[in-house]
Amino acid sequence: MSQEIPKQYDPAEDQAKWYSYWEQNGYFDADPDPQKPAHTIVIPLPNVTGALHMGHALNGTLQDLITRRKRMQGFVALWMPGTDHAGIATQAVVERRMLEEEGLTRHDIGRQALVNRIWKWKEVYEQRILGQLKSLGASCDWRRTRFTLDEVCSKAVRRTFFKLFKDGLIFRGKRLVNWDTYLQTAVADDEVFEEETQGFFWTFNYPVVEHDDFETGEKISFSTTRPETMLGDTAVCVHPSDERYAHLIGKKVKIPLNGRLIPIIADALLAKKEMGTGAVKVTPAHDPNDYACYTRNPQIGIINLLNPDGTFNENAGEYQGLDRYAVREKVVERMESLGRLEKIEDRLIPIKHSDRSKTPVEPYLSDQWFVKMETLAQNAIEGVEENRVRFYPARYAKTYLDWLGEKRDWCISRQLWWGHRIPVWSMSDLQKEPADKIAKSLEEIESQYSNNPLFVREMTDGPYGDGTILCNFLVCVDEGYPEVEDKLEQLGFTRDPDVLDTWFSSALWPHETLGWPDTDHNPPLNGEPDDSGNGTNTVLPYFYPGSVLVTSRDIITLWVARMVLTGLYNMGDVPFKHVHVHPKILDGFGSTMSKSKGNGVDPVDLIGKYGTDAVRFTIASFAGETQDVRLPVGYECPHCAEYIPQTKQHQDAKPKEGAKPRIKCPKCKKDFQYSSPNYTPDEGEPVARMVSDRFEYGRNFCNKFWNASRFAMLNLEGYAPGEIDPAALRLEDRWILSRLSTTAHEVDTFLDRYQFDAATRALRDFVWNEFCDWYLEMIKPRLRDDDQRPLAQRVLVGVLDALLRLLSPFAPFITEELWQRLKEFAPERGLLTPRPAEDSAMIAAWPALPKEWQDHSLEVRFGRLQETVIAVRNVRSIYNIPPATPMKLYMRCRPEVAADLNDVSAQFENLSRIVLEAAGAEIERPGGSASFTLGDADGYIPLEGLIDKEAELARQQKEAQKLRGLIAGTEGKLSNEGFISRAPEEIVQKTRETLEGYKKQLESVEAVIAALSE
RNA sequence: GGUCGCAUAGCUCAGUUGGUUAGAGCGCACGGUUCACAUCCGUGAGGUCGCAGGUUCAAGUCCUGCUGCGACCACCA
């Protein structure tokens, strides 16, 4: 029989086997069941082209753990999977590849061809990321997998946009955006990063002029890091209370480059007296602060200099067509030759770069679409303030509230081709007559429908003050009316070329995945219609609102806030009740893991090396509430698998004189290359994979549990299920049930609070330090005894059964393998009444163990037994007495303690190879004994000839010294008047008892010392 | 500059509402081939709880300041 259960747990085979078993049995499927409560988690949708990283692994493990437990607790537990089309990221990857491999840009192939290519790319990579999630054991309802650009999500996006447009919450405006001149798109503030670059800080001056073009001889100096923008200056600004410039306010200066006259204005928000010269040039179209100044002083005007590709336009005069950096040089030269350059300083300048193209972004004035945040944000704020959404840990609510409190309008347009195209058709600059005609045509279209599928906004304005009133039409079309779109285009309307910000569609994730806005059909399953709702969408109301969102703190604002906001807007209810924010995994030096730093371990490698369950268990042990976790990583020698910790040098090493960095393995002395952002390993060269030995924690635990179960199964011969009679239970049985019940309730409490680290610790401690170290050891003799075996087997199997259930959400594969194996031996089992085991551990009922089993006084009594055993082992170890050498134990103690000790006397032989000779109050210390004291019992082990008298004396002296210190401290406390009078009576009493205990122990020790000193 | 964290053993982390001797895993030292497990067993060493004040009978825990580290937000002519 033992040949059938290997000594070491081998995860690889089980993972594939059980995952498909679960899937085939539909255990992951979640369909509405009015008899059961729902539990819903939507996945923080990974980028479709991304690869699984440690953040995903942590995030996914926790969600799966929660989902699996809820499922066992009787919920219909839905974990909704899916991926994000990730606009810029995905388009950029495909474009880069296309350029590298074929030398083509998107403009070469056109919009539709590019989008087609990206779809193909998506099909391939979606399978990769979802497959990686599966290898993590994710129990998602894969039938419901959504993609933010699929049909279901597209409808939701169109409807939401339409509603917002109709409600006047979407508007088009000119704004300064971060413009990526390489990708030719606006990028959001959170899609840019700053890099300090060595640059210059120039100081120039403009001549002050009066009456048209009369130079007064005065000049105003100012500094800039971007001289080229002088061509677009529309004012010079000073602080209103700055006496140096007070007399100049209202006068003008001349831009020497083009002779344009611009006013000198006062603006307290823009100019700061103490900065630089106190005067500042104002370039509204190319600087956010200047733009803000312009909105306060619109009379100064605004001049845009840039073309989308970063060259200068016609407003730059003679500089038209030149790149911005070329213009910069020429402008500086020109100003210098005109004598207007005062000085040049070197300066480190933080320059914003686009995350995607890694090129510097330009502040750029362009037409963008915005969502008005005022009321939407306010509702989302109230959702959290009124605790309809709760953050765990609670402190993260502040991040959310602070950000929403700013109520900044949300720029939702992106100049990309990959995404949800903005559903607005427009026609601009119409004179009155054609405008009336168009209005009439639109009315005609509208009249054909009863439910207003299009919404028209007319705007009239004049381009730039020439008096002509022109009319613009903006028409938004609801989802599901392609024929209306065609008609508009026949009328000469053109569709807005922009697509929506990716976050616009992911903001709808909690309800769009459940089929909103379709109230008549359930969302499709595996792409096929699901008619089980009989004409209504039963899925949406059943699973919405969700239970908990599990995420990392960096998208609380971008994503969490926006989901709450759209959930309230579309559904009238928050999207989830809890938000659990888990820690981030950093490398051993405290930096975030990333490809560009070469410090990221690949969860797939870890799973390959340690097994899924080990990775999950270790990861769960990281997930506490207090701080981020550092994960020191290392390289695995490709020759001998030795683990070599990664150092900063490894991270930073770059090829030197053509030689690529190598690491020499300290074990096999061979060297190897490793994956690094700084070089590509040579073809055919063995490359070290990056792992982390921290995962041995989980692997060792799994192996321990495997072997404990193996032991149980090896001892189940003749097992017959039957009611366990509580009266027949032995001390160790009652103890392990007490501990099991305590542990199970702790695990529940911790998991309800999202304290996964504490939950894993409780389980590990119980399994290893209580179940294995003590209980299994103690029942070994009973399992060899025919009379005692049946009861011992029942308790053993019952505890193991409960453990398999408790561990299943943490380590689903090993528990399933053991569950199925255990079924062969014990198809019926349980505490205290046996029941048939369920078909799978993952659908077994979650343990609900009676609290009455928890027996504190019994645990105290048991603790004395443990202490005695440990004390004996200690003596054996200190005096180096071989395990086989027999020893005798005498215990001096109260009669009731003696009764306990006698009751379990056989265990002393079993656990520490010693015979309890006698116990009782009358016991005297035999000469030549090693001694120990436990507080309410003293132990003596006669070791005539085996112990070194001097050594034993020293040991006892040390013990006495420690006790004297404790007594002094405690006495000091008790002699403190304040303590006696102010501390609670209970504490004072406890302290007195403690002191008595110390004194007794010291007495015992001193008696031993006296005896030894004779 | 604002906000939120973090600092406890060589390393990575726990430490509930203040209350006996501050814990765990890894690592380290010593000893172990007893029929579940060497991915194991036994024993042990190792900490001025970042620094300085304060509150309290009592502070790793509460308050203030400082130092260092991290994240987010804002700003940077």
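Letters A, B, ... are given to chains in the order of the sequence lines, protein chains preceding strands, and every chain is numbered from 1. All values reported here derive from a predicted model rather than from experimental measurement.
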Looking only at side chains, do [X] and [Y] share a donor and an acceptor under 3.5 Å apart?
X	Y	answer
A:Asn715	A:Gln793	no
A:Glu952	A:Tyr879	yes
A:Lys1000	A:Thr933	no

Item checked: 5'-most by nearest nucleotide on RNA chain B - A:Glu977 or A:Leu776 ->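 The answer here is A:Leu776.
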Notebook entry, point to check: Mapping A:Lys281 and A:Gly590 onto RNA chain B by nearest heavy atom, which one lands closer to the 5' end?
Noted result: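 Its nucleotide being nearer the 5' end, the pick is A:Gly590.
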Using the [atom1] atom as the reference point in each nucleotide, state the distance between [N] and [M] in Å, no decimals.
N	M	atom1	value
B:C40	B:C35	C1'	15 Å
B:G19	B:A59	P	11 Å
B:A74	B:A14	C1'	36 Å
B:G5	B:A45	P	38 Å
B:C26	B:G42	P	11 Å
B:C72	B:A9	C1'	32 Å
B:C4	B:U39	C1'	40 Å

Measure [atom1]/[X] against [atom2]/[N] and give the value in whole Å, please.
X	N	atom1	atom2	answer
A:Leu606	B:U39	CG	P	19 Å
A:Leu783	B:C35	CG	C1'	13 Å
A:Lys990	B:A58	NZ	C1'	14 Å
A:Leu796	B:A36	CG	P	13 Å
A:Asn707	B:A36	CG	P	10 Å
A:Phe705	B:A36	CZ	C1'	13 Å

Notebook entry, point to check: Taking the side chain of A:Phe979 as its heavy atoms from C-beta onward, which of B:G19, B:U39, B:C37 lies nearest to it?
Noted result: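 Output: B:G19.
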Mind listing the side-chain donor-acceptor pairs of residues 606-623 of chain A below 3.5 Å, one per line with the distance, residues two or more places apart or on another chain?
residue	atom	partner	partner atom	Å
A:Lys609	NZ	A:Glu636	OE2	2.5
A:Tyr610	OH	A:Ser692	O	3.2
A:Thr612	OG1	A:Gln15	OE1	3.3
A:Thr612	OG1	A:Gln15	NE2	3.1
A:Thr612	OG1	A:Ser135	O	2.9
A:Asp613	OD1	A:Phe813	N	3.2
A:Asp613	OD2	A:Phe813	N	3.2
A:Asp613	OD2	A:Ile814	N	2.6
A:Arg616	NE	A:Phe810	O	3.1
A:Arg616	NH1	A:Asp64	OD2	2.7
A:Arg616	NH1	A:Leu136	O	2.9
A:Arg616	NH2	A:Asp64	OD2	2.9
A:Arg616	NH2	A:Pro809	O	2.7
A:Thr618	OG1	A:Ala614	O	2.7
A:Thr618	OG1	A:Gly698	N	3.1
A:Ser621	OG	A:Thr618	O	2.6

Could you work out, with side chain to side chain donor-acceptor pair (under 3.5 Å) as the rule, every residue matching [X], not counting sequence neighbours?
X	result
A:Glu817	A:Lys17, A:Trp18, A:Arg821
A:Ser552	A:Asp554
A:Glu770	A:Arg739

Regarding [X], tell me which of base, sugar-phosphate or nothing describes its non-hydrogen contacts under 4.0 Å with the strands shown.
X	result
A:Ala884	nothing
A:Arg764	sugar-phosphate
A:Glu406	sugar-phosphate
A:Thr994	base
A:Pro984	base
A:Arg876	nothing
A:Arg699	base
A:Tyr697	sugar-phosphate

Next item on the list: Treat primed atoms plus P, OP1 and OP2 as sugar-phosphate and everything else as base, then score nucleotides 40-49 of chain B 5' to 3': B for base contact with protein heavy atoms under 4.0 Å, S for sugar-phosphate contact only, - for none.
Entry: SSSSS-----
Checklist line | Base of B:A36 paired with side chain of A:Glu777 (donor-acceptor, under 3.5 Å) | finding: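 Result: at least one qualifying N/O pair found.
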Next item on the list: Flag the pair A:Phe756 / A:His580 as yes when their ring centroid distance falls below 6.0 Å, and as no otherwise.
Entry: yes
Notebook entry, point to check: Less than 6.0 Å separating the ring centroids of A:Phe391 and A:Tyr400?
Noted result: yes
So, using ring pair (Phe, Tyr, Trp, His ring centres under 6.0 Å) as the criterion, who are the partners of [X] when residues are at least two apart?
X	result
A:Phe979	none
A:Phe771	none
A:Phe705	none
A:Tyr206	A:Phe222

Item checked: Distance below 4.0 Å between A:Lys398 side-chain N/O and B:U3 OP1 or OP2 ->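 For B:U3, neither OP1 nor OP2 has a side-chain N or O of A:Lys398 closer than 4.0 Å.
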Next item on the list: Look at the side-chain N and O atoms of A:Lys780 and state whether any lies under 4.0 Å from the OP1 or OP2 oxygen of B:A36.
Entry: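 Affirmative; the distance criterion is met.
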Next item on the list: Could you tell me whether A:Arg226 and A:Glu362 make a salt bridge, using a distance below 4.0 angstrom between a side-chain N and a carboxylate O?
Entry: yes
Between N or O atoms, less than 3.5 Å apart, protein on one side and nucleotides 21-23 of chain B on the other: list the pairs.
none

Check: A:Asp587 side chain to A:Gly590 main-chain N or O, any donor-acceptor pair under 3.5 Å?
Finding: yes
Note to self: Strictly distance-based, threshold 3.5 Å: is any side-chain N or O of A:Asn976 a donor or acceptor partner for the main-chain N or O of A:Gly978?
What the structure shows: yes
Check: Which dot-bracket notation, 5' to 3', represents the base pairing of RNA chain B when pairs are defined as Watson-Crick or G-U with both distances under 3.5 Å, crossing pairs as [ ], and inter-strand pairs as |?
Finding: (((((((..((((.....[...)))).(((((.......))))).....(((((..]....))))))))))))....
Between protein and nucleic acid, restricted to nucleotides 12-18 of chain B and to nitrogen or oxygen atoms under 3.5 Å apart, what atom pairs and distances do you find?
residue	atom	partner	partner atom	Å
B:U12	O3'	A:Arg630	O	3.2
B:U12	O2'	A:Arg694	NH1	2.6
B:U12	O2'	A:Arg694	NH2	2.7
B:C13	OP1	A:Arg630	N	2.3
B:A14	OP1	A:Thr626	OG1	2.5
B:A14	OP2	A:Thr626	OG1	3.4
B:A14	OP2	A:Gln627	NE2	2.7
B:A14	O2'	A:Arg761	NH1	2.4
B:A14	O2'	A:Arg761	NH2	3.2

